[in-house]
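Throughout, a chain's letter reflects where its sequence line sits, starting with A, and its residues are numbered from 1. Quick caveat: nothing in here was measured; it's all calculated off a predicted structure.
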Amino acid sequence: MLKIDFYERPAPLLAPDLIGKKLVRLQNGTRLAGIIIETEAYQGQEDLACHAHFGRTKRNQVMYEEPGRAYVYFTYGMHWLLNIVADRFGHPAAVLIRAIFPVEGQELMALNRPNLANSHQWLNGPAKLTQALALNGSMNGYDLTKPGAELFLEEGTAVPAELVNIGPRIGLGKTPEPWLSIPWRWELDWQQAQNLIQKGVK
DNA sequence: CGGCCGATTATCT
DNA sequence: GATAATCGGCCGG
């Protein structure tokens with residue numbers, strides 16, 4: 001299990017390091033897990049795309065707390081999105097988990113999210129993976145570093161940096177420049193993930 | 001495959 | 001009262 005010092009740095013530094021890490025969720029004792037293959041960084045009040053842009057609110061409060069917590073919020077009237085809090089206490093920052101490659105507990109994940117199971121479009125979106133991992137607002141503020149946690153990260157698979165695509169963040173709507181174009185999104189495509197992961201790990 | 005659009009409601013102005 | 005760090009269905013090529 002990764003400890004708090006792994007998370008305690010600005011989101012644009014943490015986000016690329018999360019690619020290849022294994023996200024583990026215990027659902028009634030069953031391990032559900034996927035390798036993280038897409039992330040986005042949201043850093044500080046000065047980042048106009050960050051929820052902390054307008055200062056501290058009830059919703060974004062968790063972003064100001066200890067790193068290594070889950071920031072789970074509701075959007076578009078129906079979707080839950082999972083972020084991992086970054087940076088030091090008092091500095092609002094988080095990394096959005098946008099996609100995972102499933103490696104454990106796929107049967108249960110398919111029950112949680114039956115629609116497209118076994119297609120490569122299965123877990124390639126932030127609201128898709130929260131469904132598969134049975135995550136919702138009840139996990140907001142959850143400490144991923146505490147002993148016995150039911151949501152945490154493991155070391156996972158080493159991913160060579162040259163395989164990771166970098167580009168602007170997605171879905172930012174009318175966020176003004178230059179924030180709209182900042183390359184704070186990191187992604188390993190599905191095929192590359194499959195090549196890497198199915199070599200060693202089961 | 002790509003673009004458009006409706007769903008649906010907590011949160012913030 | 002408007003908007004949203006999205007998704008899935010439907011359309012056309």
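Checked by atom type and distance alone, the side chain of Y71(A) never pairs as donor or acceptor with a backbone atom of A94(A) at under 3.5 Å. Listed for the D87(A) side chain is no donor-acceptor partner under 3.5 Å among the backbone atoms of A93(A). Side chain of N60(A) to backbone of T57(A): a donor-acceptor contact under 3.5 angstrom is found.
Nucleotide dT11(B) has dA2(C) as its partner under the Watson-Crick or G-U criteria, with both atom distances under 3.5 Å.
Under a 4.0 Å N-O distance rule, the pair E154(A)/K21(A) does not qualify as a salt bridge.
At the heavy-atom level, F54(A) lies under 4.0 Å from the strands shown only through sugar-phosphate atoms. Residue G125(A) is classed as a sugar-phosphate contact, given heavy-atom separations below 4.0 Å to backbone atoms only.
No donor-acceptor contact under 3.5 angstrom links the side chains of N28(A) and T30(A), judged on distance only.
Remark: P of dG6(B) and NE2 of H79(A) are 16 Å apart, rounded to the nearest angstrom. In this entry the distance linking CG of L180(A) with C1' of dA4(C) reads 15 Å, nearest Å. Distance OH (Y71(A)) to C1' (dA10(B)): 11 Å, rounded to an integer number of Å. The distance from atom NE2 of H51(A) to atom P of dT13(B) is 12 Å, rounded to the nearest whole Å. If you measure from atom CG of L81(A) to atom P of dA10(B), you get 16 Å, rounded to the nearest angstrom. In this structure, CG of L129(A) is placed 9 Å from P of dC7(C), rounded to the nearest angstrom. As a whole-Å value, the separation of Q131(A) CD from dG8(C) P is 7 Å. Computed from coordinates, the I170(A) CD1 to dA4(C) P distance equals 16 Å when rounded to whole Å.
Of the side-chain N and O atoms in K128(A), one or more sit less than 4.0 angstrom from OP1 or OP2 of dG8(C). Using a 4.0 Å cut-off, no side-chain N or O of R59(A) falls inside it from OP1 or OP2 of dT13(B). Side-chain nitrogen and oxygen atoms of R98(A) include at least one within less than 4.0 Å of the OP1 or OP2 phosphate oxygen of dT6(C).
The aromatic ring of Y42(A) sits over the base of dA5(C), with ring centres less than 5.5 Å apart and planes inclined by under 30°.
Comparing Q121(A) and G171(A) by the nucleotide of DNA chain C that holds the closest heavy atom to each, the one mapping nearer the 5' end is G171(A).
Nearest to the side chain of T57(A), among dC12(B), dA4(C), dT8(B), sits dC12(B). Comparing dT9(B), dT6(C), dA5(C) by their closest approach to the side chain of Y76(A) singles out dT6(C). Comparing dT6(C), dC12(B), dA5(C) against the side chain of N83(A) picks out dA5(C) as the nearest. In this structure, the nucleotide among dA7(B), dA5(C), dT6(C) sitting nearest to the side chain of M78(A) is dA7(B).
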